[in-house]
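This is the structure I have questions about; it appears just below.
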2 protein chains.
Amino acid sequence: MARTTGSHSDITGPKVREAALRLFAQNGFAAVSMRAIASEVGVQAGALYNYTPDKQTLLFNLLCTHMEQLLAAFSDDTSLAPVDRLRRFVDFHIRFHADRPDEVFISYMELRNLTPDNFGAVEALRRQYEDRLETILQSGADAGDFDIADTKIATLAVIAMLTGVNTWFRVGGRLSLDQVIAQYWDMVRKSVVSG
Amino acid sequence: MARTTGSHSDITGPKVREAALRLFAQNGFAAVSMRAIASEVGVQAGALYNYTPDKQTLLFNLLCTHMEQLLAAFSDDTSLAPVDRLRRFVDFHIRFHADRPDEVFISYMELRNLTPDNFGAVEALRRQYEDRLETILQSGADAGDFDIADTKIATLAVIAMLTGVNTWFRVGGRLSLDQVIAQYWDMVRKSVVSG
DNA sequence: TTTGCCTTTGAACGAGCGTTCAATTAGCGT
DNA sequence: ACGCTAATTGAACGCTCGTTCAAAGGCAAA
């Protein structure tokens, strides 16, 4: 049985993941050494291997956890009108991603550093998230509320547009998050509603 | 005077840049060794240093060249109506980027591997390109053709949406490039025109 | 106080890294 | 045919990499 009181494991474990997340986001997976992560945590490199079998798995767990939290955090409300479901999605997506810039960054930048198996697992989670939006767009198209030539393309277009916020938005900048969300919602709504 | 006929320099030089571009796009700058590039070209690693002072400059030149070609390739026609100028921009952006997936990829993924000076230079070029679009949006807003709360945000939103095409579009896929452009133009137009 | 396990250290491993450079090759101008 | 020089080789430099592991440390239970 693992020790609880006085165990460093419960402290060091999260610190390892936090340091890896920050450093991967800042410098890129390939450019961050295990020694650099260990130094950030305050231990020697060898100690990291109590918390991850290897560097690859460390990255994979960060990406997987992020995607799972993303999926768990959004719940569609199919009783609403499609336009309101879409509004909720836009609001959620921008807020959730603005809260987690590092996780979002590595989720887009470090996919190629995953082994094929790990990449497949993360891709499947991402596709699940995209499907949530596509379902909303399809509902609106079926109801005649939306005018969309191809819902798959519209899904990817909207997500790309919304996720782009993360490349420039900073808390305390010229615009508040609410202002940003308002404008993006205006653009997204107009881009899909029937003309 | 450099030799021309029979000189390997004129052959090896471009081959080095092409190999570096492909490998950087495929595996990431940090994960590609000079020996890997040399092997792709068919020379030893030392020979690369006839064509670049170092690995960093090799990356910088690829990004710089790409941005300069992008700026040189698009010319706005201010005599057209704003909506037509915007249509031309959307068409150009998607086509130009779809033609150069590797260049676009490294231009977004490898910015952080540039030294601060080199990063600044590439960023300045990128901002120039963004300004081209913002000018168009501003003209349309001034003329009352567009309804845009903040032209800077709209600029970034549109570019993010359009550049997102590169993450999934493949020649020979379900949709032709013309079909893709048509739908993106429809969405972009609706997202900015007066409602 | 002793026992026993969890945690960490610190050294070591083989490998690969970017870069340099003297020596060699090979082809053009003469 | 020869000399010149651009182009390339191949070895070497010092360094960092991910990972392993025997040894040591430290805390809880007995």
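Values reported hereafter were calculated over all heavy atoms of this structure, with side chains retained and with hydrogens, waters and symmetry mates removed. In what follows, every chain begins at residue 1, and chains take the letters A, B, ... in the order their sequences are listed. The model shown is predicted, which means the values in this text are computed figures rather than measured ones.
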Notebook entry, point to check: Is the distance from OP1 or OP2 of C:dT8 to the nearest side-chain N or O of A:Thr12 less than 4.0 Å?
Noted result: yes

Notebook entry, point to check: Roughly how many Å is it from CD1 in B:Ile11 to P in C:dA26, rounded to a whole number?
Noted result: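 To the nearest whole Å, that distance equals 15 Å.
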
I'd like a table of donor-acceptor pairs (distance under 3.5 Å, sequence neighbours excluded) in which one partner is a side-chain atom from residues 96-109 of chain B, with atom names and distances.
| from | atom 1 | to | atom 2 | distance (Å) |
| --- | --- | --- | --- | --- |
| B:His97 | ND1 | B:His93 | O | 2.8 |
| B:Arg100 | NH1 | B:Phe96 | O | 3.2 |
| B:Ser107 | OG | B:Glu103 | O | 2.9 |

Margin query: Salt bridge check, B:Asp91 against B:Arg88: does any charged N sit closer than 4.0 Å to a carboxylate O?
Written below: no

Next item on the list: Answer yes or no: is there an ion pair linking A:Glu40 with A:Arg17, defined by an N-O contact shorter than 4.0 Å?
Entry: no

Checklist line | N-O pairing of B:Arg87 and B:Asp186 below 4.0 Å | finding: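 Looking at B:Asp186 together with B:Arg87, the answer is no, because their closest N to O distance does not fall below 4.0 Å.
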
Notebook entry, point to check: At under 4.0 Å, does any side-chain N or O of A:Tyr51 touch on OP1 or OP2 of C:dT8?
Noted result: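 Indeed, a polar side-chain atom of A:Tyr51 lies that close.
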
Next item on the list: Measure from the ring center of B:Phe169 to the ring center of B:Tyr184 and say whether it is less than 6.0 Å.
Entry: no

Check: Can a salt bridge be assigned to the pair B:Arg127 and B:Glu130 using a cut-off of 4.0 Å between side-chain N and carboxylate O?
Finding: no

Margin query: Tell me the interatomic distance from A:Leu48, atom CG, to D:dC17, atom P, rounded to whole angstroms.
Written below: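 Taking CG of A:Leu48 and P of D:dC17, I get 13 Å after rounding.
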
Check: Roughly, in whole Å, what's the span from CD in A:Gln44 to P in C:dT9?
Finding: 5 Å

Show each protein N/O and nucleotides 15-19 of chain C N/O combination with a separation under 3.5 Å, one pair to a line.
| from | atom 1 | to | atom 2 | distance (Å) |
| --- | --- | --- | --- | --- |
| C:dC17 | OP1 | B:Ser33 | OG | 3.1 |
| C:dG18 | OP1 | B:Val32 | O | 3.3 |
| C:dG18 | OP1 | B:Met34 | N | 3.4 |
| C:dG18 | OP1 | B:Lys55 | NZ | 3.0 |
| C:dG18 | OP2 | B:Met34 | N | 2.8 |
| C:dG18 | N7 | B:Arg35 | NH1 | 2.8 |
| C:dG18 | O6 | B:Arg35 | NH2 | 2.9 |
| C:dT19 | OP2 | B:Tyr49 | OH | 2.7 |
| C:dT19 | OP2 | B:Lys55 | N | 3.0 |
| C:dT19 | O5' | B:Tyr49 | OH | 3.3 |
| C:dT19 | O4 | B:Arg35 | NH2 | 3.3 |

